[in-house]
Every structure is written in C-alpha cells, then in structure tokens.
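These numbers were taken from a predicted model, which means no experiment stands behind them.
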Amino acid sequence: MIDDTQQLYLDSLSEIAEALGHSFDNPISISLLCLTLGITNEEKGKIYVAFNQVLRLNEFDKLSVQLFRNELENIISNAREFNDIVVIALIKAFARNLIAELVPFARSL
C-alpha cells in the first residue's frame, strides 16, 4: 500500500517521465513502468531472466509477443489481464534499458 508521500514521489516521477515522452508506446523507464503495473523489484528480476531465456531458446524469426506473454504469466499472477500494448511496453522497456539483444525484436513491434 502506497502512503501519501510515496504517491507524491510516484506522481512526480511520472510527470517528469511523461514530459520526456514516457508512455506505453515509448517506455523510457522500466522501473516506472513496473511501478505503474504493480510489478515488484523481485518480479522485475525474474522477467529479466525469463526474457533473456526466450531470446536464447528462439531464433529471431520465431520470436512473438505471445512467447514473452507466456513468461510474464508464469511470473506475475495478473499478467493474463495485460493487453498486448502492456506486454509490448515491457518488451520495449527491457530492450531499451537492460537487454540490448532484445532491441531488434522491440523495434519490429
């Protein structure tokens, strides 16, 4: 549960990020995206590992949003409720911030 001060911090970060262009279509901050979606830091780490595994186990032309969605659903209980734009935002954010090998696929989305 977020208290009033924490909410102000989150709101201020969101406002700054949005001024810089942060959105689901253009996620600038993976951490802010995770905060917005209720993803914990531990889950963020698990997603990082899972997304890397998807890349290792699949050739580029076999990659799909569904492969990444499947991994998210294994980690986050409410990920089944995420629409594709949210899954794609996570793919783009991890590509931009943590997984350079994911960039070519993220650019194709």
Exercise. Side chain to side chain donor-acceptor pair (under 3.5 Å) with Asp25: which residues, sequence neighbours excluded?
Worked result: none
Exercise. Which atom names give the shortest non-hydrogen contact between Val54 and Glu71, and what distance separates them?
Worked result: CG2-CG, 3.5 Å
For this session: For the residue pair Ile47 and Ile76, establish whether any side-chain heavy-atom pair is separated by less than 4.5 Å.
Result: yes
For this session: Please examine the side chains of Phe24 and Ile88, heavy atoms only from C-beta on, and report whether any two atoms are closer than 4.5 Å.
Result: no
Problem set entry | Exercise: do Arg69 and Asn74 side chains pair donor with acceptor under 3.5 Å | no
Exercise. Side-chain contact, heavy-atom cut-off 4.5 Å: Val86 with Asn83?
Worked result: yes
Exercise. Are Ile30 and Lys44 close enough that some pair of their side-chain heavy atoms sits under 4.5 Å apart?
Worked result: yes
Problem set entry | With Phe105 via ring-ring contact (aromatic ring centres under 6.0 Å, His included) - residues at least two apart | Phe68
Problem set entry | For the student: nearest non-hydrogen atoms of Ala93 and Pro27, plus distance | N-CG, 3.7 Å
Exercise. If you group Ile, Leu, Val, Met, Phe, Trp and Tyr by side-chain heavy-atom gaps below 4.5 Å, do Ile85 and Ile91 land in one group?
Worked result: yes
For this session: Answer yes or no: does atom CG of Asp61 have more than 12 heavy-atom neighbours from other residues, nucleotides or ligands under 6.0 Å?
Result: yes
Seminar exercise, completed: Leu32 and Ser14 have their tightest heavy-atom pair at CD1-OG, 3.6 Å
Exercise. Is there a donor-acceptor pair under 3.5 Å between the side chain of Asn97 and the backbone N or O of Ile28?
Worked result: yes
For this session: State the CG-CG distance between Leu55 and Leu67, to the nearest 0.5 angstrom.
Result: 10.0 Å
Problem set entry | Atom pair NE2/OG1 of His22 and Thr36 - distance to nearest 0.5 Å | 5.5 Å
For this session: Taking Glu73 for its side chain and Asn70 for its backbone only, find out whether a donor-acceptor pair lies under 3.5 Å.
Result: no
Exercise. Linking I/L/V/M/F/W/Y whenever any side-chain heavy atoms sit under 4.5 Å apart, do Leu13 and Ile39 land together?
Worked result: no
Seminar exercise, completed: CG of Leu10 to CD of Glu15, rounded to nearest 0.5 Å, is 9.5 Å
Exercise. Roughly how far, to the nearest 0.5 Å, is the CG atom of Leu37 from the CG atom of Asn78?
Worked result: 8.5 Å
Exercise. Would a distance-only check, ignoring hydrogens and angles, find a side-chain to backbone donor-acceptor pair under 3.5 Å from Asn26 to Gly21?
Worked result: yes
Exercise. Just checking, any donor-acceptor pair under 3.5 angstrom between side chains of Asp3 and Gln7?
Worked result: no
Problem set entry | N/O donor-acceptor pair under 3.5 Å between Asn52 side chain and Tyr48 backbone | yes
Exercise. Does Val65 belong to the same Ile/Leu/Val/Met/Phe/Trp/Tyr cluster as Phe60, with side-chain heavy atoms less than 4.5 Å apart forming each link?
Worked result: yes
Problem set entry | Enclosure of Glu42 CD (heavy-atom neighbours >12, cutoff 6.0 Å) | no
Exercise. Any chain of hydrophobic side-chain contacts (each under 4.5 Å) joining Phe94 to Val49?
Worked result: yes
Exercise. Linking I/L/V/M/F/W/Y whenever their side-chain heavy atoms sit closer than 4.5 Å, directly or via other members, would Leu90 and Leu98 fall into one cluster?
Worked result: yes
